[in-house]
Structures are given as C-alpha cells and as structure tokens.
Amino acid sequence: MTELTLDQARLWFAAAGDLVEREIARLTELDTAIGDADHGFNMQRGFYAVRKKLEVTVTEDLGSLFRLVGMTLVSTVGGASGPLYGGFFLEMAKVANGKAYLGKNEICTALAAGLNDIKRRGKAEVGDKTMVDSLSPAVAALESATELCAAFRAAADAAKTGAEGTIPLEARKGRASYLGQRSIGHQDPGATSSWLLFEALASVCQQAAEKGGAAAGSC
Amino acid sequence: MTELTLDQARLWFAAAGDLVEREIARLTELDTAIGDADHGFNMQRGFYAVRKKLEVTVTEDLGSLFRLVGMTLVSTVGGASGPLYGGFFLEMAKVANGKAYLGKNEICTALAAGLNDIKRRGKAEVGDKTMVDSLSPAVAALESATELCAAFRAAADAAKTGAEGTIPLEARKGRASYLGQRSIGHQDPGATSSWLLFEALASVCQQAAEKGGAAAGSC
Amino acid sequence: MKKLINAAENVVREALEGMQAAHADRIRVSLEPFYAVRRDAPIAGKVGLVSGGGSGHEPMHSGYVGRGMLDAACPGEIFTSPTPDQIVEASQAVNGGAGILHIVKNYTGDMMNFELAAEMLRAGGIAVETVVVDDDVAVEDSRYTAGRRGVGLTVLIEKLLGAAAEEGGTLADLKRLGDFIRASGRSMGMALTACTVPQHGKPSFTLADDEMELGIGIHGEPGRRRAKLVSADEVTTMLMEPILADLPFRKGEEVLLFVNGMGATPLIELYIVYRKAAQIASLHGLRVIRSLVGTYISSLEMAGCSITLLRLNEQLSKLWDAPVDTPALRWGV
Amino acid sequence: MKKLINAAENVVREALEGMQAAHADRIRVSLEPFYAVRRDAPIAGKVGLVSGGGSGHEPMHSGYVGRGMLDAACPGEIFTSPTPDQIVEASQAVNGGAGILHIVKNYTGDMMNFELAAEMLRAGGIAVETVVVDDDVAVEDSRYTAGRRGVGLTVLIEKLLGAAAEEGGTLADLKRLGDFIRASGRSMGMALTACTVPQHGKPSFTLADDEMELGIGIHGEPGRRRAKLVSADEVTTMLMEPILADLPFRKGEEVLLFVNGMGATPLIELYIVYRKAAQIASLHGLRVIRSLVGTYISSLEMAGCSITLLRLNEQLSKLWDAPVDTPALRWGV
Ligand SMILES: Nc1ncnc2c1ncn2[C@@H]1O[C@H](COP(=O)(O)OP(=O)(O)O)[C@@H](O)[C@H]1O
Ligand SMILES: Nc1ncnc2c1ncn2[C@@H]1O[C@H](COP(=O)(O)OP(=O)(O)O)[C@@H](O)[C@H]1O
Ligand SMILES: [Mg+2]
Ligand SMILES: [Mg+2]
Ligand SMILES: [Mg+2]
Ligand SMILES: [Mg+2]
C-alpha cells in the first residue's frame, strides 16, 4: 500500500470505533485512577457518533471526511479530549482538502499538523503526561520506514511505548495534574486512546495490504 | 427488710443508673432492630441526670424523691420513654407524698399507680409489645410473696419473662408498630429497660437484707 | 461510621451553634435547653408556631424558623423527641399573646412530650392548639396502633400555616386550616441505604447491593418491606400508587408535588424521580401546579427519597407562594 | 452502585426533563443539545450570563438559571465538559444584544470547549467575554501546569455577576467585576467517601473507615493526599488554614463564609463545620458578614465538604443580597 484512500480512511474510523468500544473499560479505569472516570465513555460516544455520521454521509474527499470526523468529535465528546481530538482531525482536514488519497509524505504532514494543533491547544509538551506523549513519538516514528504500512506499524508501536512511558511521569497538564505526585505510577488515559487510533490505522493498512497482496502479490 | 426507706430508694436509682449504663449497648441494639437506635442513650442520659440531681439535692421524703426522679426523667430523656418513665415516678410520688418509708402494700399501690399512668398515657395494653408487657406482670408478681425482697425478686423475674415474651409479638404501639409483622422476633427495648429497673430494685433490697442480716441475723 | 463530627454527644449542640453563627440575622438559638426562635420573636398579636422533634432531619425543623414559617423549633437529640421543658420555654419565648400552635409529627414520643408541654403552658394561662401530622401511607391507619407517621407533609404544613399565621390567622383558624391540610396530603418513602446514629456508631440495618427498603420513615428504621432494587421509574411508581389511592386523589385536582431526598441522595437523582412522579400524576388526571424538589426532611445520611402529594386549593396555593424567610426556605423576601 | 436512576446513559437527559417539569415557571430546557435558559430569555439590552460544565454537580449549574443569576447553563455528561455547540446554542438563545459572558471553571476541557464556542460566537458577531474561576488552594498555581481548579467560588461568582448583570452592568463591567471576584475568593475541599460515575458503576477510589482525602476537586478524583480521618474541628482547620494563608485574608476584612456539602453529607454535619470555620475566621480577625451553608456544588453522592472564603466589599455585599430567583437559590423575589 502506498497511499491512504478515502475508503481506507473510512475503514480507519470504523476500526478505531471498534477498538475504542472494546477498550472502554480500560480507558475508564485509567481515567478513574488519575482523572474523572469518563474517558472511555467520552471516546465511545464520539466514535459512535462518527460511525453513525459516516453511515449516512457521502464524503467527496479526504478533507471533508476528516472535517466531518473532527466536527463530530468536537460536538459529541466534550471534556478535554473532545476539542483535542476534534482539532487534530480538523487540522488534518486542511492538509487533505480536495484530495481523494494521501501519499506517505502528505500523511506525515497531516498527522504532524494534527499533533501540533493538540500541543497548541493543550499547551502541552512531551513529558507532561498527556496524549502528546504517545502522539508525538508516533508521528516521529512515521519517518522510520518508507513503506506506508510499515510506517504506520512503527508509529503504533511508538505510540504504545509512549503511552506506557507516561506511567512514571508526574502530570503537568489536564486533570491528572491536580494529583501532583500521586499521578505517578499510572498510565495516561488520553495517551492510551491515542495509541488505539494509531493501532487502528496500522491494522487497516495491514488488512488492505494483505488483500492487495492476495490480489497483486505485493504490499 | 420490710419497708423501702428513703436511703434504699436512693440506692435503687443509683443501681438502676449503673445497670442502664452497663446495658446501653443492649438496649440500643434492641431499639435498632425495631426502633430508632436511641433507647440506650435515652435511658443513660436520664439516669445520669438523676444521679447528678440526687448528688446535690436533699429529699425530705419519698414523695419528693420520686417527684425529683420523675421530673428529671421527663426533662432529660425525651422520646416515648421520657414521659412514660417520668410519669411512672411522678405517679408513685403521689402515693409516697410525705412518707419517709413505704410498707409493702404502699409500694404495691405506688408501683401499680405508676403502671396505670403508663397505660393511660401510652394507651397500651399487655400484648402491644411495649414496656407494659414487663411492667404489668412485674407489678402483679409483687403479690406472690409477702416478704418485700422476695416480692421484688419475683417482680424482677416476672419482668424478665415479660420482656422476653415480647419477642413473638407484633407491635401495636410505639415506633415498632410501623414495622407491622417485621416487628415479630425482636424483644422490645422498653420492656427490657423496665426489667432493669425492677432488677435494680430487687438487688438493692437483697443487699440491704444481707447487710441487715449480718447485723440483725434476720431479713 | 464516617462523619464530620467531633464527639457524638455534642452533635446537636455544635450544629445549633453553627446555625446560630450562620443565621444570626434570622434566628436566635438557646442551648439550655435547646431551641431556636425567629429573631424578631415574640410578635405581638401573632399566633406563635412551634414545632420540633428529634434531630437528624435537617433542615427540619430549625431550618424553617423565620418569617412566614415557624416561630420556634425544638430539636431533641438525634431521633429523640424534645422534652417538655424545651417546648415550654420555646413556646413562652414566642408567645405574642395570640396563643401557640404546636405542629407535631405523630410519633408516640413527640405526641406525649408536646402534650405534656401543652398542659404546662395551659396551666400558665397560654392557649395552645395542636396540629398533628400523620401522612405516611406506608403505615396502616388503625385505632389499635400508634397510627401513621408524620413525614414529608410536615414541611408543607409548616410553610402553609406559617404563611397563614403571618397574615393574621387566629389560633382557631390555624388549627382548622392545619387539620384541613393534614387531611389533604399523603407521603411515602424508600431507602437505598441505612443511616448511622452517631452515638450508636453502626448502621441501623444492612441492605445488599440489589436491595431497597420500601415504606420507611425518617428515623433510619427499616421499612414495611424489603424488595429488590428496581429502576427509578419503578420505584417512583411504587411510591406514587399507594399515595394516589389513599387520599384518594381524584382526576382534575390541583396538587403540589414534593420529591424529597433522605440525606445522601443527590439532586440529580431526585429530579429523575420527580420526572416520573409528575408523569404519573398527570396520567392520573392531576394538575401539578406547585413543586418542591430537594432534601427538606432527612434521615441523617440515608440514601433514598420520599414523595409527598398535597391537594391544593386557591387559599393553599396563595399561602404556598407567600413570602418565607428562613435558613432553608426563602422566597418573596 | 446504588442509585435512583433508570439507564446510566439517560441520567443527564432525564434529570433535565425532571427540572423542566418542576421549574417550568423559571426555566426552559433544551434536550437537543442539552441546555437550560431562564424562561424570559433573551432579555434585550442585558448581558447574557452563560455557564456550564459536566453534570454531577447539582444544583450547579442548571439550578442557578433564573432572574438574578445565570441566563443559561450547559450541562455536559457526568463530569464531562459540555461541547461547543451546546454553549453556542445556549449563548445565542440568551443573547439580548449586550454581549455574552461565559463563566468557566478552570478545567482543560471546560476551557477548551468554551473557547471554541466563544470563537464561533464571535465569528457570528456576538461579543463574548470569559471569566475563569480557579479558586482551589489545594492545587499549586503554576504556569507549567493546568493551574487551579474552579470549585466553590463558582457558585458565588454566578450569584454576584448575575445580580450585577440584572442591574445593567455592561459586558466590560462584568468581566472586570468577575476577575475581581476571582481574585478575592479561595476554597478547599475534602472527602469521606468517593462517588460513582453511573456509566462506570464503580467508586472512583476506596478509603478505609479511618481515612479521608484532602484537597479534592468536584469530579470524584482523589485529593492531594490521603490522611487519617480526624474530628470535624481538625478537618475544618486543615481546610481553613491554607485558604486563609493563600489569598491572604487579612485582619479586619469582611468575608462571606460558604460551607458546602459534596453530595451525601447531611446539613447537620455542615453546620458543625461552619461553627468551627466561623470561629477560625474570627480568630484570624475576619468579620463574617454573609454565609452560605448547604449542598450547592456537589460531586454526585460523595460525602465530604468544601469551604470557600470570599472577601467582600460594599458592592459585593449588595450584589449578594440582591434578588435571585432560581430553582436552587431564591431570595428577595
Ligand atoms: N492540556 C492538555 N494537552 C494535551 N492533552 C491533554 C491535556 N489535558 C488533558 N489531556 C488529555 O486528555 C485526557 C483526558 O480526556 P477526558 O477524560 O476525555 O477529558 P477530561 O479530562 O476533561 O475528563 C488526558 O488523559 C490527557 O491525555
Ligand atoms: N404507647 C406506648 N405505651 C407504652 N410504652 C411505649 C409506647 N410507645 C413506646 N413505648 C415504649 O417505649 C420504648 C421506646 O423508647 P425510646 O426508644 O426511648 O423512645 P422512641 O421510641 O421515641 O425512640 C418502646 O420500646 C416501648 O417499650
Ligand atoms: Mg476524564
Ligand atoms: Mg427509640
Ligand atoms: Mg427516638
Ligand atoms: Mg471529564
């Protein structure tokens, strides 16, 4: 696979929705320890709304798809993660405007733009114990492979490592920061859901590649 | 012992206070099951106030002693048991007015008058699952012996049996009546504290008799 | 037992001291014996309204002392009726020469202590009338028993009679009106958890996670029966049906609907109960024209709720809307 | 989890429906999206006051909608900030042409959602200002962190700004006054028990019988530290000292003392806390001239309390006394 098409991007959101649905309890548990026990339901509500919206909406290009996703998340998630993830996809939409597919470079640019929006909005840096701690290494890891599926896989793995890396951190941003040192020892819920988004992306690419591979014999 | 003197009556209230103090938990547990968990503290507060009052008050006769006890209970106990026990001793005071001691018949009359006041005030009959169920047989049992200490012992035993006899009853009066059939199977707290009062009376008589016996060789 | 208290035996006194400190502009508190009176008492020519009962039902009764409601409240120990001297002294303190009205919940202890006090007051030349509240449909009414408990309707009676007294009602007027209101309201309650009397230190009963008590009073006692915990809508139905059938409330009547929290139940849940209760009332053909939702008569930190329905007429609606200025109920002033 | 609810996912909607049914004389509720506005909104020429935040803090914010307080409230899901569309639609519904003031508690989610909404409203030609509330002294203030939480002071700011808006304050006036009040009040809270988010179904933390959490917020989160449960007087001291030291409050100042219940703590305990808090304030040389005691900003059915101290001046005292007519706060009308 060398590009992300409209269909694959739609599959990405479906897969993300499935993954979030499956991991509600885990996300909620993490948010119970250092937050307010709603992150699982916030994500579920958002991606369920996205699924329903996509079912009834024809999107002409990746820009309008990402815009629809971003707007839906903003208007259904609430909390901190709503504007952050919403803004992420709205920012990607700008890069993807009018495009039926994105090549690897464009994808990197779009994801990096999304990440920057989160950092700007949340005034968060790597090390603050937020979703930035998984998103930032994920975006960086895209460079580590030239092939798209491999890059997504590397990004997902980096996100996972980044999420786990939040455990020893003391939170400086978001709700967990109110706990001070007591936030240490817990994995950040938002960093965990960010990893799920990359995991969904990697798995969709993988499946497309396998299908394509079955058909064309190469990735 | 053939009569109840002022000193012995004072010892009675001291002994009743001790017994109540020792049985707070039991009375409260009983009142928790079918009432509002305050009977132990109500009795304790009342008899503690009686003790304090008696410490600083000289009473000239049994009438003023019983009146003081009755008034103190009325003004410190509250709840259902306050006016009932208070009225009990105020009624006894009428019979004992101006007397330095009471013979057995007078005691019977006084206690019966007290019981009648409780029945009138509480509109309760034997079988309603109240203090009347221990007081009534106790007063009746006074007749079963001519000797005073023996009569008090018989009364205390009858009170105990009466109190235990409330267990299978369905309450018709007091707070326990709100439970309907659920009041069955529990011993009435007020019937239990009434038994304690007679128990105190019997033991004070017994001790006086033993002392008297040591001095005079006969009861 | 987890409570914000100091010593269990000081709870009532310290809470009264706190009330005095917080509401010195409205009430005066006596600590020896315990009672609270409105700051401007006695009011010459006005009937003095006095209520009271065990503590643990806050804001009732001390929170309802003030213009347009009670002249005095006598708090006993937790769940223990006040003693006659409290009632006598409080009544004397608010005696404006037009007589004293006692509002008494129908518990043996409350009844007897208020009765003793009334006798003493009358012996002192003060006219006293008593309005009894016994609105709890969970308890069967019978002349062989202690009768029904006074619960949620107490708050409404205190408000309505308070307004009538403020407007100059005579003792006889108020007694008549009180008895009329008593005959126009019904209540029922339920619990999700027990409560703990501080001095006792242990919960009054234990419920499994899927159980509730139906037909409770306001003293932490178990209810008429234990049942499986069901949805808020079903619970509401189980409370509303006996209430509607008992008075009975009839199609076309105007009512006040009062959903009360038992102490630990948050307002968000009470509104869920109110929603269903209003639907049921309206299906029954009633017009809910006044409402009250909140924790107004409690049972320490018990979780649960009670519902009270009161039939209104023009006079009662007006009295409900009249100004009231107490620590816990305030409007119109 | 024992709650009077139907389905966990319907809690917010059904409670709003209940509020609508109970308070149709004061508020209008929108269910799509969720918001509540005062019945007579929009009021031409008056600045529209809009607040909001997660649900679970009842009576805040919907209970504070009405004359003399908020024009609109936007409740999110339990403990979840509302979304920008709620805020935008509510703001538009109460836009009387004099601009909109957003009162926002300083949580990342609330801040970002209100900010997005403000941008959209401004794009639509409506002037929007924002007053942030961040009064919780338990959290260190630092520009490297999310800063302090908005807690008890929110209720007071909404009341005071509501009164100022009613008196015709301009958007600029209200913004200035809001920032002034923000700088004049401090709070701190503690918990005896956790609470349970209905959809989660499990308590947010567990405490032993002899433990408490100090420095909690209003979202069921653990506090700054766990400590041995001590007496009410000691707890009060542990809350008051950091509050007094932080602003700092100085000898001779006049203050409003607000003792708030977290949801399941009965009023009788709050008065015990108030008693001690007033003593401490007065030992510190403060004059407590206004008070508020009750459950006004809650964390579902958490047991515990918070204390808020607000420095008053003549203007603020007058604004506090001004008429307010909302479901949860009513006086003077
Ligand atoms: N300032 C911030 N910058 C980046 N991410 C943040 C920030 N604040 C919070 N987050 C992320 O949001 C997550 C919490 O999301 P969620 O629980 O849905 O919202 P809320 O905290 O409002 O309840 C955190 O775990 C963290 O990853
Ligand atoms: N009508 C009555 N007649 C006689 N005794 C009664 C009556 N009502 C209650 N009692 C007695 O009072 C006891 C309860 O006393 P207590 O707990 O002190 O008062 P309360 O019920 O007001 O809390 C009952 O156990 C019962 O024995
Ligand atoms: Mg959260
Ligand atoms: Mg009792
Ligand atoms: Mg009692
Ligand atoms: Mg949240």
Side-chain angles (χ1 to χ4, degrees), chain C residues 1-7 11-12 14-19 21-23 55-56 58-59 63 192-193 207 209 212 229 231-233 235 257 259 263-276 278-279 288 291-295 298 300-301 303-305 325 327-328 330-333, chain D residues 1-7 11-12 14-19 21-23 55-56 58-59 63 192-193 207 209 212 229 231-233 235 257 259 263-276 278-279 288 291-295 298 300-301 303-305 325 327-328 330-333:
Chain C
M1 177 178 69
K2 297 189 86 170
K3 288 179 190 288
L4 284 169
I5 61 173
N6 295 301
V11 165
V12 175
E14 290 181 352
L16 278 173
E17 288 174 5
M19 285 202 77
H23 306 297
S55 293
E58 289 65 27
L192 295 177
T193 67
L207 283 175
D209 264 5
M212 63 177 175
L229 178 56
S231 71
D233 282 359
V235 166
L257 172 57
V259 170
T265 286
L267 202 46
I268 193 168
E269 297 179 29
L270 297 181
Y271 277 114
I272 292 176
V273 172
Y274 186 92
R275 167 184 172 274
K276 181 68 180 179
Q279 287 170 0
V288 180
S291 69
L292 187 66
V293 187
T295 299
S298 65
L300 291 172
E301 77 290 2
C305 73
D325 187 14
R330 273 179 83 178
W331 59 73
V333 263
Chain D
M1 177 178 70
K2 296 189 88 169
K3 288 179 191 285
L4 285 169
I5 61 172
N6 294 302
V11 165
V12 175
E14 291 180 352
L16 277 173
E17 288 173 4
M19 286 203 77
H23 307 297
S55 292
E58 290 65 30
L192 295 175
T193 67
L207 282 176
D209 264 4
M212 63 178 176
L229 178 57
S231 71
D233 281 0
V235 166
L257 173 56
V259 171
T265 287
L267 203 48
I268 194 168
E269 298 179 27
L270 297 182
Y271 278 114
I272 293 177
V273 171
Y274 185 92
R275 168 185 170 275
K276 182 67 179 179
Q279 287 171 359
V288 180
S291 69
L292 188 66
V293 188
T295 299
S298 65
L300 291 171
E301 78 289 2
C305 73
D325 187 13
R330 272 179 82 177
W331 58 72
V333 260

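Predicted, not measured: the structure shown is a model, and the values here were computed from it. Lettering of chains follows the sequences in order, A, B, ..., and the numbering in each one begins at 1. All values below were derived from every heavy atom in this structure, side-chain atoms included, with hydrogens, water molecules and symmetry-related copies excluded.
For C:Leu192, the parts lying under 4.5 angstrom from a heavy atom of chain D are both the backbone and the side chain. Interface remark: C:Val11 contributes backbone and side-chain atoms alike to the contact with chain D (heavy atom separation under 4.5 Å). Only the backbone of D:Val333 comes within contact range of chain C, judged by heavy atoms closer than 4.5 Å. For C:Ala303, no part sits under 4.5 Å from any heavy atom of chain D, backbone or side chain. The contact between D:Ile5 and chain C is made by backbone and side chain atoms together, counting heavy-atom distances below 4.5 Å.
Under the rule for a side chain to side chain donor-acceptor pair (under 3.5 Å), C:Glu269 has no partner lying at least two apart in sequence or in another chain. Applying the side chain to side chain donor-acceptor pair (under 3.5 Å) rule to D:Glu58 yields no partners; only residues at least two apart in sequence or on another chain are considered.
A salt bridge does not link D:Lys2 with D:Glu301: every distance from a Lys NZ or Arg NE/NH1/NH2 to an Asp or Glu carboxylate oxygen is 4.0 Å or more.
When side chains are defined from C-beta on, D:Ile272 does not count as touching C:Glu17, because their heavy atoms never get closer than 4.5 Å.
Side-chain contact, C:Tyr274 with D:His23: no donor N or O sits under 3.5 Å from an acceptor N or O.
No other option in C:Val288, C:Leu300, C:Val293, C:Thr193 has as many heavy-atom pairs under 4.5 Å with chain D as C:Leu300. Contact count against chain C (heavy-atom pairs under 4.5 Å) is highest for D:Ala15 among D:Ser291, D:Ser231, D:Ala15. Between chain C and the residues D:Ala22, D:Gly263, D:Gly332, the largest count of heavy-atom pairs under 4.5 Å involves D:Ala22.
Contact detail for D:Arg275 and C:Glu14: the closest heavy-atom pair is CD-O, 3.2 Å.
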